[in-house]
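For reference, the structure is listed below as structure tokens.
Just so you know, these numbers use all the heavy atoms, side chains as well, and skip hydrogens, waters and symmetry mates. For the single chain, residues carry numbers from 1 onward in sequence order. Atoms within a ligand are numbered from 1 in the order they appear, just like the ligands themselves.
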Amino acid sequence: MLFRSFLRQLGIAGAGLAWSPASLARAAGTNGPVVPAKGAPRNPDFNPKLPLTPEAIVTNYNNYYEFSTQKDRVAQLVGRFRTSPWSVWIGGLCSKPMTLDLDDLLKVAPPEERVCRFRCVEAWSMVVPWTGLPLAKLLSKVEPSPDALYVKFTTVLRPDEMPGVARLSDYPWPYTEGLRMDEAMHPLAFIATGLFGKPLPKQNGGPVRLVVPWKYGYKSIKSIVKIELVREQPETLWNTLAPREYPFESNVEPNVPHPRWSQATERDLATGNRIPTLPYNGYADQVASLYPRK
Ligand SMILES: Nc1nc2c(c(=O)[nH]1)N[C@H]1C(S)=C(S)[C@@H](COP(=O)(O)O)O[C@H]1N2
Ligand SMILES: [Mo]
């Protein structure tokens, strides 16, 4: 599908300059934090040559069930969501638990930009320039203890600001996700605070989210307020709702179909074309060694 007809399908092409910088700033919210994402150098190790999916698509086609199950509605519904002030508690099995406000978090490591493939379990994909820092740098700050075998992440829960929560009243809110400790410490696991050189828009999980590019998109939890080091594999929202459809591990595996559809190909949001899905979403060289054949 052509870019313009895609936008039309989203209902924003008719609005002309719906994706002008001013309207993007409006979408990001006037009370959003000031994040020095601009000027973050692009890390050459991460797909620097992949063509980016247009920003208007990345910021208007969102999965964020706290707001809506309709992808083209999320950006319009985040207006009341307050992302400043923001702080993240990091604790559990570690010797230095701490609460970092966003400014502290941004100082943990110099920001870098990474271009990453992003593959949703629903078989669509995009290519996104994130700004942020490796998750490992953040976790090292709290000095994890050896018995920390998993990391549990939790999204903020504010039903008053998140109109989708009440509509899905039987969901096990808040949204939670998890990684094995060795996955979390892998250099590809990333904490994003920016997108396209700007502060991370609320609809994309601003002000701070996880990005795990070799796993299906639902692992990349948005608007994080809590990171807990734990001994047991944590419960997660999707795994609790439908364990057969959303396994904890969730690596991108083209040969393993979802119970309701094939995972062999994906729809590229930039072009509308179906393209082959790559093992580990194209990151096999980096991460396959984490998963020795059983
Ligand atoms: N808190 C929260 N995080 C979430 C989700 C969600 O509904 N709530 N959706 C997930 C899914 S299924 C995907 S594909 C990605 C979508 O990220 P994007 O909107 O930035 O493309 O966010 C993930 N993180
Ligand atoms: Mo997804």
Under 4.0 Å, heavy-atom basis, I'd like to know which part of E177 is in contact with ligand 1: side chain, backbone, both or neither.
neither
Which residues satisfy the salt bridge (Lys or Arg N to Asp or Glu O under 4.0 Å) test with E266, sequence neighbours excluded?
R119
Check for me whether R209 has a heavy atom closer than 4.0 Å to any atom of ligand 1.
yes
Looking at non-hydrogen atoms alone, which of Y246, Y218, Y175 comes nearest to atom 6 (C) of ligand 1?
Y175
Give the ring-plane orientation class for W261 versus H258, where under 30° counts as parallel, over 60° as perpendicular and anything between as tilted.
parallel
Touching ligand 1 at all, M126? Heavy atoms, strictly under 4.0 Å?
yes
What closest approach, in Å, do P163 and R167 show between heavy atoms, and which atom pair accounts for it?
O-CD, 3.7 Å
For ligand 1, which atoms have a heavy atom of C120 less than 4.0 angstrom away?
14 (S)
Quick one: nearest non-hydrogen protein atom to atom 8 (N) of ligand 1, plus distance?
E66 OE1, 2.8 Å
Tell me whether the guanidinium CZ or amine NZ of K222 lies under 6.0 angstrom from the six-membered ring centre of F153 and within 45° of its axis.
no
Of the protein's non-hydrogen atoms, which lies at the shortest distance from atom 9 (N) of ligand 1, and what is that distance?
N63 O, 3.2 Å
Heavy atom of F118 under 4.0 Å from ligand 1?
yes
Closer than 4.0 Å to some heavy atom of S220 - which atoms of ligand 1 meet that?
22 (O), 23 (C), 24 (N)
Polar atom proximity, K222 to ligand 1 (N or O, under 3.5 Å)
yes
For Y171 and Y65, take the angle between the two ring planes, folded into 0 to 90°, and tell me which bin it lands in: parallel under 30, tilted 30 to 60, perpendicular over 60.
tilted
Less than 3.5 Å apart, which donor and acceptor atoms pair up between the side chains of residues 224-237 and the rest of the protein, not counting sequence neighbours?
unit_1	atom_1	unit_2	atom_2	d
R231	NH2	D147	OD2	3.2
T236	OG1	N239	N	3.1

Sidechain N-carboxylate O distance under 4.0 Å for K137, E112
no
Identify which one of Y216, W214, Y291 satisfies the ring pair (Phe, Tyr, Trp, His ring centres under 6.0 Å) criterion when paired with Y280.
Y291
Atoms of ligand 1 less than 4.0 Å from T155 heavy atoms?
1 (N)
Numbered in order shown, the ligand 1 atoms found under 4.0 Å of a heavy atom of Y65 are 6 (C), 7 (O)
